[in-house]
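Letters A, B, ... mirror the listed sequences (proteins, then strands); counts begin at 1. Computed over heavy atoms, backbone and side chain alike; hydrogens, waters and symmetry mates excluded.
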Amino acid sequence: MSARTTAQSRERWYRILEGSAPVLGFLFAMLVMLVVVELIGESPSRAISAIVRFSFSQAGIAYIFSQAMPLIIAGAANAVAFQGGIFNIGVEGQYLFGALCAGVAGAYLSLPTYLHIPVVIIAGMLGGMLWVLLPAFLKVYKGVHEVISTIMMNQVASALVLYLVLGPFNGVRGQSLNLRTPFLKDTAVFPSLHDVINSITRLFGYEFPRYVAVDFSWLISALVIIGTWYLLTRTALGLKIRWVGQNPHAATYAGVDVRKTIFTTMMISGAIAGLVGLQSVAYISKYFTPNIARGLGFTGLAIALLARNNPIGVVFAGLLFSFLNRAGYGLQLYTRVPNSLIGAISGLMILSVVVIDQLLRRYVRNLRRKEVGQNV
Amino acid sequence: MKRFTVAVLVLLLAVSLVLSGCSKTPTTTEPKYKIGLVFDIGGRGDQSFNDAAYAGLKKLAQELKGYIKDDPDKVDFGKEVELKYLEPKEGGEDREQLLRALAEEGYQMIFAVGFMFTDPVVNVAKDFPNVKFGLIDGYIPDLNENSNIVCLSFKEHEGSFLVGAIAGYKTKTNKVGFVGGMQMPLIEKFEAGYKAGAMYVNPNLRKQGAIFSQYIGTTGDAFKDPAKGKEIASTFYNQGADIVYHASGASGAGVFQAAYEAFKAGKDVWAIGVDSDQGLIYASSSNEEDKAIGARIITSMIKRVDTAVYKTGMDFYNGNFKGGYVEFGLAEDGVGYALNDYNKSLIEDVTAKVDELKQKVISGEIKVPTSNAELANFQLP
């Protein structure tokens, strides 16, 4: 009886320890930041007040949520791949190409709205899938490691996209120097969700300002998260993906077609990745440009890592990274911290969040192992 | 676990609020005017485009007895005007929120450096009708004098035409080269102008294959890749070119390095700088090798971003701000070629002829092409 309760309470303690890892990591990261700020000769309290003032203002909160959407999708794309044991570094190239496909579908097709928006979304997904197709074939049939092939595909995507926008899909008119595709047709532009979202948040006394992107991509992010969660935890395919991710040999003996599962995993990851750029293409700028925000795929890797490849965790990790971005700008605006150091600081924060998280998790795993050893 | 996380977050928030409460610094007298600026990616220290904008801010501080807020160089001439700059990390929404933050903080005139600010400036200017915006290199249609946006653009092709002419006059091998950064319409303006200038003055360069041209890359990173710049320029020098012009931002350092190494290997070769007077920057360095590299920069195509920022800032200060379009070409001294104490002896023999060309461009007798397509129809003498 008493042995059981101690075991139970110990288990609870482990859970708390594990669960608090990201929070501790975040606190440690803040500490690191304050030390750096102190070393520069700026007062830490001023730095904190700058971050709080800038991040938790009405605009601040809105931007943090809005800019978290592409990050969440990128995180989900990486998380699904990781669950299946795939290291998809190519999310970067996949979303670039997906965004181009979406932009082209939105600009050149003439369809009624209820068809055009889904077509744009599907074009993005197909673009992402197309871009992971070759690495997936190489992985499944030739055993080429996906890290090599997808990272190469990133370079190819960047060059091809530039070629296509310079050539056949060029929409630059007049004196503008911004390289871009033609504007999307009105029927393809994502509707704003300000009214819907604000009618809910108004209950809490908060409203999203009009100038921040609160659009259809929020719904897409939500669907992606719910979809991946459902897929991974509630379907046979999800179980297979996780089995293959944990141990492909054991999965083979359990009767799973490993090749097929790996291929499917990569395709799903690519399809999700193709959605990352949609907010920018179909709502904010209403055209595709090769100058679209880059690097979201790599941030997505860190997000998936921090979220332990859990789709629900990805939401919080995405929000955290979006907050870090905004916090960096707060420092730039109100403190003497030089711009070049802010990049280093946010890098340090990411690193410490991820490292502390990993260390704590390992620590708890060792404790558990020891306990199991004692019981046996 | 969830409750625990929430508790910690709430605690954190409370602590930070308390801290922020006690950090009220005593406010000094408010400056009369506040002018903000947002750099393009790359920011301060690129020795080229962004630094030229920074030089404009510095000149404003000097002239208006102002100071640059939070600047490590401590530019401080008085408290009349506050100047502040920011730098974005990523794409569209990041740029927009920085512009918006400056406007909300009470900056009355805001500069946006680079054409990628085009859409963000349009969006923010709509919400802040009393704030003036200066957009460098961008183009926004349908502006007039009463708009709160002024588009500051440059005729880079005209300046490039002159340095192209210098290359055409000075080449001994009758082969010259061009290294571009990222392939895009803006950089093509440099390329077309340069080729036109070289072909205009030197018939040997009109032959197919006499002017080499290559771009470094397909992303913004092409503007900070000196290794690739060096590789391309070295190839050009090995193929017989003796003058190479670059329009590739910080990648140009590699082009200069290639010229210096080819020179050390016994070749009589030169490079041409861009945006700032790069020959002067290198030659006046305290580092011996930089000095030697500077001696290989025959001239630079100067794009006076500093003048654009300075003039617009002064106009705003004096209450003469006008919306619309200002183009800085040869006529306005907004572009040109660099002539300094170091390269004077090198190009003295051709400056008279180049200045004659400059007058022809200003008078409209020569219409410099802005793209390779226009170059094909360019009237050669």
Side-chain angles (χ1 to χ4, degrees), chain A residues 15-16 18-20 22-23 26-27 30 43-46 48-54 56 59 63 66-67 155 158-159 161-163 166 172 174-179 211-213 280 284-285 289-296 325-326 328-329 332-340 342-343 346, chain B residues 1-2 4-5 8-9 12-13 15-17 19-25 39 43-45 69-72 84-94 96-98 100-102 104-105 115-116 118-119 123-124 126-127 137-141 151 153 182-186 189 217-220:
Chain A
R15 288 252 169 107
I16 290 177
E18 258 185 338
S20 64
V23 181
F26 178 70
L27 288 178
M30 289 304 256
S43 92
S45 68
R46 241 188 100 189
I48 290 190
S49 87
I51 291 176
V52 170
R53 191 170 147 202
F54 197 59
F56 298 118
Y63 272 122
S66 168
Q67 295 199 297
Q155 306 290 326
S158 155
V161 155
L162 190 63
Y163 168 76
L166 275 169
V172 182
Q175 299 181 37
S176 171
L177 295 166
N178 197 1
L179 194 55
Y211 51 79
V212 177
S280 166
I284 296 176
S285 51
T289 162
N291 297 318
I292 191 172
R294 300 280 181 100
L296 300 181
N325 191 33
R326 179 79 181 174
Y329 289 139
Q332 263 197 49
L333 189 60
Y334 299 117
T335 72
R336 268 198 311 258
V337 184
N339 298 350
S340 45
I342 287 165
S346 61
Chain B
M1 171 225 145
K2 222 178 251 165
F4 181 76
T5 314
V8 170
L9 278 177
L12 183 74
L13 200 66
V15 169
S16 50
L17 279 176
L19 277 174
S20 67
C22 45
S23 68
K24 286 258 155 53
T25 40
F39 287 122
R44 249 202 81 188
K69 196 176 163 231
D70 306 325
D71 183 56
K84 169 84 189 172
Y85 58 80
L86 296 172
E87 186 188 329
K89 264 186 287 192
E90 304 262 332
E93 241 192 344
D94 278 43
E96 184 168 328
Q97 62 175 304
L98 289 185
R100 206 172 278 282
L102 284 174
E104 275 168 4
E105 281 298 307
F115 68 86
M116 279 165 74
T118 310
D119 292 341
N123 294 340
V124 180
K126 229 181 332 191
D127 294 345
D137 272 356
Y139 177 79
I140 296 166
C151 293
S153 55
M182 179 184 170
Q183 192 156 12
M184 57 180 177
L186 176 62
K189 268 169 103 177
T218 56
T219 66

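With a 4.5 Å cut-off on non-hydrogen atoms, A:Ser158 touches chain B through its backbone and its side chain both. At a 4.5 Å heavy-atom cutoff, the contact between B:Asp119 and chain A is made by side-chain atoms alone. If you measure heavy-atom distances from A:Tyr334 to chain B, the contacts under 4.5 Å come from both the backbone and the side chain. Heavy atoms of A:Tyr211 lying under 4.5 Å from chain B belong to its backbone as well as its side chain.
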B:Glu104/A:Arg53 under salt bridge (charged side-chain N to carboxylate O under 4.0 Å, His left out): CA gap, chis, key distance, verdict: CA-CA 13 Å; B:Glu104 275 168 4; A:Arg53 191 170 147 202; over 6 Å; no
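Of the listed residues (A:Thr289, A:Leu162, A:Val212), the one with the most heavy-atom contacts under 4.5 Å to chain B is A:Leu162.
In this structure, B:Lys69 and A:Leu333 approach most closely via the heavy-atom pair NZ-O, 3.5 Å. The two residues A:Gln332 and B:Asp70 have their closest heavy-atom pair at O-OD2, 4.4 Å. Here the closest heavy-atom approach between residue B:Asp94 and residue A:Gln67 is recorded as OD1-NE2, 2.6 Å.
Taking OH from A:Tyr329 and CG from B:Leu98, the interatomic distance works out to 5.0 Å, rounded to the nearest 0.5 Å. Note that the CE atom of B:Met116 and the CG atom of A:Asn291 stand 4.0 Å from one another [nearest 0.5 Å].
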